[in-house]
Each structure stands twice: as C-alpha cells, then as structure tokens.
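Only one structure is covered here, and it is reproduced in the block below.
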Amino acid sequence: MAAMATNRRVILKEYVEGYPREEHMELLPGAEVPLRLTGDEPPGSVLVRNLYLSCDPYMRPKMSRPLRESYTAAFVPGSVITGYGVARVLDSSDPRLAPGDLVWGITGWEDYSVVRPPVTAFLAKISHHGGEGGVPLSYYTGILGMPGLTAYVGFHEICAPKAGETVFVSAASGAVGQLVGQFARLAGCRVVGSAGSAEKVELLRTRFGFHDAFNYKEEPDLAAALRRCFPEGIDIYFENVGGAMLDAVLLNMRVHGRIAVCGLISQYNLADEEKDAVRNLSAVVAKRLRLQGFIEPDHKHLYPKYEGWVLPYIRDGTLAYVEDVAEGLESAPKALIGLFHGRNVGKQLVRIADDAETGA
C-alpha cells in the first residue's frame with residue numbers, strides 16, 4: 001500500500017470584485033493523499049511535492065468572473081488556486097521526468113499536486129541547483145522562471161535595445177522590473193525606474209544600478225517627472241502598470257520608440273467603468289511608436305537561450321535579485337494580496353517546504 005500524506009489546499013471561495021481580501025480564499029485542512037500515482041490519472045501525469053509558490057500579478061484577473069475571452073482561464077470557485085512554483089517529483093508517468101527530479105512550472109497552491117496533461121508540458125526540469133555553480137531553488141520562481149523570461153523577451157526580443165538609448169521601467173522593484181533595469185544597464189542603456197516607496201527607490205539606485213528612480217506616489221505630475229528624468233525623451237518603455245503612467249509616458253516617448261506591454265497592474269482591481277482611459281494614443285501615430293503586448297507562454301522556446309545568457313551573470317554576481325519570502329502555505333493568500341498594495345519588496349514568493357522534507 002502506498003504511503004499517505006496530509007495535503008492542505010488553498011482554494012478560491014468566490015469570484016472577486018475590487019481588491020481581493022484574505023476571506024476570498026481559504027486554507028482547507030489536509031486530506032489524506034497517496035504519495036504515488038494511483039493509475040487513474042491520464043498518461044503523462046506527475047505527482048509533486050510543492051516547495052515554493054510564486055505570487056504574480058497575472059493571478060488577479062483569474063480571480064474575477066470571466067466576462068470575455070482571455071489568454072488564461074479563470075480560477076473556479078471551490079477549486080485549488082494554481083500558479084507557478086518549484087517542486088520535487090515523487091512519481092511520474094511522463095517519460096521526461098523521474099522521481100527525485102526538481103521541476104518548475106504550473107502547480108497547485110497545496111502541499112502535493114497531481115499535474116496532468118496538458119499542464120505537464122509546462123513543467124521544466126531544473127538542472128542548475130546544488131553543487132558547484134548551483135543557484136537557489138527559489139530563483140526558479142523569479143529570475144530563472146517566468147518573470148526572468150518575461151523580462152528577457154520584453155526587453156531584448158521586443159524592444160531590441162541599442163547602446164546609448166534611454167529606458168523607463170514602471171513597477172521597477174518587482175519580479176520583472178528589477179531584471180529589466182539591470183538588463184538595460186548591461187546593454188549600455190540609461191535606465192530610470194519608478195516605484196511606490198522611498199525604500200524601493202533606494203533599492204533601484206543602490207542594489208540594481210538604475211541611473212535614476214522616483215517615487216510615483218510623490219509626483220503630482222507624472223509627465224513632468226518623466227521630462228525631468230528624460231529631457232530628450234524615452235526610447236524604450238517596459239510597461240507594467242498602465243493607467244496614468246502610460247498616458248504620461250506616451251507624451252515623453254521619442255520618435256520610433258518601443259513599448260513592451262507586460263502588465264497593467266493598476267487596472268486589475270477596477271471595474272470596467274472605473275478603468276483609466278488612455279488619452280494620449282495619438283502619440284503612437286505622431287511618434288511612430290511600436291506598442292506590443294506579450295505573454296511569457298508564447299516564448300517558451302526562447303528559455304534555453306535565456307538561461308544560457310543569464311546564468312553566468314547570476315553566478316558572477318553581476319545580476320542582483322531580491323526576494324520577499326513568506327513562510328508557510330497558510331501565508332500565501334496574504335502574500336498574494338500584498339502585491340496589489342505594494343507591500344512586497346522584490347519578488348514575492350511563498351516557501352511551503354524545504355527540499356529535505358520530500359524524502360527524495
């Protein structure tokens with residue numbers, strides 16, 4: 001008989017309107033689950049012990065009642081929340097993965113998850129942990145995971161930077177923004193970031209090497225703040241927030257500038273009638289701007305290229321990466337909610353188990 005374990009789960013209780021609250025989610029007490037696949041799962045399934053969970057802004061729209069087609073399916077009330085994470089394989093019928101393998105990809109907000117096809121296709125084996133040159137497992141929720149590839153694709157593939165260009169990054173101290181700023185510096189660009197506290201602005205300047213930074217909450221006129229930082233205009237904008245910031249940026253872009261639209265976090269908790277209109281779209285035509293939205297899953301084929309490029313910079317300390325780690329599955333709802341109030345400093349993740357606990 002297979003060994004059993006207790007499996008706690010975080011579920012979405014109901015669809016969210018406005019800002020999510022902890023009562024919108026619930027930690028269910030553990031039910032007994034086998035530590036092997038039962039044989040009832042479809043071929044290609046994988047049983048994992050979850051170690052780290054990633055809290056990401058894209059999860060907020062998935063908590064709303066689906067009113068229109070989206071690139072990602074909404075969560076189902078009463079079901080476990082899913083997202084990116086790091087895990088240890090306990091059992092597998094996927095020929096790519098074997099018990100003992102470490103993986104990153106889409107998993108459940110629970111102690112143990114059975115990942116079924118087609119989601120198993122998004123589980124990637126981790127090869128650079130432990131031993132000489134190894135990197136922390138938690139990095140696969142961030143710099144070596146979805147946020148890292150997002151930063152790389154948006155900046156290098158979409159914006160195609162040239163040395164000497166000017167770059168602006170909003171939400172610059174977050175999981176993606178902190179990397180874009182450092183990638184820009186490595187590319188020989190002048191980079192400025194915005195964040196929502198004095199602590200985060202200082203982090204941008206001292207830890208991440210931004211040439212300048214400002215607290216958007218202290219700027220009564222965002223367009224004026226950008227003119228101050230970019231007297232000759234912005235060549236590249238990495239968009240994470242939308243709303244008033246995007247409007248201000250459009251006024252300050254240079255001719256033939258490029259904007260990579262990664263996210264619009266300022267709009268995620270607003271009803272449709274409350275969302276900010278973009279009033280300066282005429283600048284897209286007048287300045288011949290390229291404005292392109294993108295999502296990381298469309299660019300998975302570039303991950304080996306990105307990993308090979310970024311690993312040496314991680315190992316030699318060229319790239320800094322700041323994490324905000326919450327402890328325990330029970331802390332996951334509060335950690336996710338904190339993203340939308342600016343409570344996190346750096347990449348927000350949740351540690352739910354040490355790798356030694358898997359017994360692998």
Side-chain angles (χ1 to χ4, degrees), residues 1-11 28 30-54 56 59 72-73 75-76 79-131 133-149 296-304 306-308 311 329 332 349-360:
M1 181 177 178
M4 304 292 285
T6 300
N7 189 38
R8 300 166 302 156
R9 301 177 296 144
V10 176
I11 65 165
L28 297 182
E32 290 290 299
V33 295
L35 292 181
R36 294 189 63 183
L37 296 173
T38 64
D40 295 330
E41 305 86 0
S45 296
V46 180
L47 171 66
V48 300
R49 173 58 159 122
N50 293 310
L51 305 175
Y52 292 94
L53 302 177
S54 179
D56 297 297
M59 298 172 73
T72 181
F75 296 137
V76 177
S79 297
V80 68
I81 290 171
T82 59
Y84 283 92
V86 172
R88 169 80 70 175
V89 175
L90 300 181
D91 198 8
S92 172
S93 62
D94 183 330
R96 301 177 305 118
L97 301 171
D101 286 345
L102 290 162
V103 294
W104 73 272
I106 299 294
T107 187
W109 278 31
E110 54 192 346
D111 293 307
Y112 300 87
S113 293
V114 175
V115 185
R116 297 172 171 83
V119 182
T120 45
F122 292 95
L123 289 179
K125 187 175 178 179
I126 293 172
S127 304
H128 300 284
H129 172 67
V135 297
L137 272 181
S138 58
Y139 276 21
Y140 286 88
T141 68
I143 189 171
L144 284 170
M146 179 274 289
L149 183 58
E296 181 262 359
D298 289 346
H299 302 275
K300 290 287 191 185
H301 62 285
L302 292 174
Y303 184 80
Y306 167 64
E307 185 182 46
L311 272 170
L329 183 61
L349 63 141
V350 181
R351 177 166 47 216
I352 64 171
D354 291 326
D355 188 32
E357 296 178 25
T358 65

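Position 1 is the first residue of the sequence; numbering continues from there. The structure presented is a predicted model; accordingly, all values stated were derived computationally and were not measured.
Here the straight-line distance linking atom OH of Y140 with atom OH of Y84 works out to 15.5 Å at 0.5 Å rounding. Summarising the geometry, atom CG belonging to L37 is positioned 10.5 Å from atom CG belonging to D94; distances are rounded to the nearest 0.5 Å. With values rounded to the nearest 0.5 angstrom, L90 atom CG is found 7.0 Å from Y112 atom OH. The distance from atom CZ of R88 to atom CG of L51, rounded to the nearest 0.5 Å, is 7.5 Å. Atom CD1 of residue I126 and atom CD of residue E307 lie 9.5 Å apart, to the nearest 0.5 angstrom. Separating the CE atom in M146 from the CG atom in D56 is a distance of 3.5 Å, to the nearest 0.5 Å.
A side chain to side chain donor-acceptor pair (under 3.5 Å) check over residues 34-46, counting only residues at least two apart or in different chains, returns the pairs T38-E41. Judged as a salt bridge (Lys or Arg N to Asp or Glu O under 4.0 Å), the pairs with a partner in residues 103-114 (not counting sequence neighbours) are, in order, R8-D111, R49-D111. Here side chain to side chain donor-acceptor pair (under 3.5 Å) pairs that include residues 97-108, with residues two or more places apart or in two chains, are N50-T107, T107-S113.
A donor-acceptor pair under 3.5 Å is absent between the side-chain atoms of R351 and the main chain of S138, judged by distance alone. Although no hydrogens or angles enter the test, the distance criterion places a donor-acceptor pair under 3.5 Å between the side chain of S93 and the main chain of G44. For D91 (side chain) and L47 (main-chain N/O), no donor-acceptor pair under 3.5 Å exists by modelled atom type. Listed for the H128 side chain is no donor-acceptor partner under 3.5 Å among the backbone atoms of G134. The backbone N or O of L97 sits less than 3.5 Å from a side-chain atom of S92, completing a donor-acceptor pair. Not a single donor-acceptor pair under 3.5 Å links the side chain of R96 to the backbone N or O of K125.
Considering all non-hydrogen atoms of both residues, G142 and P147 come closest at O-CD, 3.5 Å. Listed here is the closest heavy atom pair of I106 and L123: O-CD2, 3.9 Å. Of all the heavy atoms in W109 and A332, the pair that sits closest is CZ3-CB, 3.3 Å.
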Q) Please walk me through it: do Y139 and H129 pass side chain to side chain contact (heavy atoms under 4.5 Å, CB included)? A) CA-CA 10 Å; Y139 276 21; H129 172 67; over 6 Å; no
Q: Would you check, one step at a time, whether the test side chain to side chain contact (heavy atoms under 4.5 Å, CB included) holds for V86 with T141?
A: CA-CA 7 Å; V86 172; T141 68; 3.9 Å; yes
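Using a 4.5 Å heavy-atom threshold, the side chains of L329 and L53 count as touching. Side chains of F122 and K300 form a contact here, defined as non-hydrogen atoms less than 4.5 Å apart. At a threshold of 4.5 Å between non-hydrogen side-chain atoms, the residues M4 and L35 do not count as touching.
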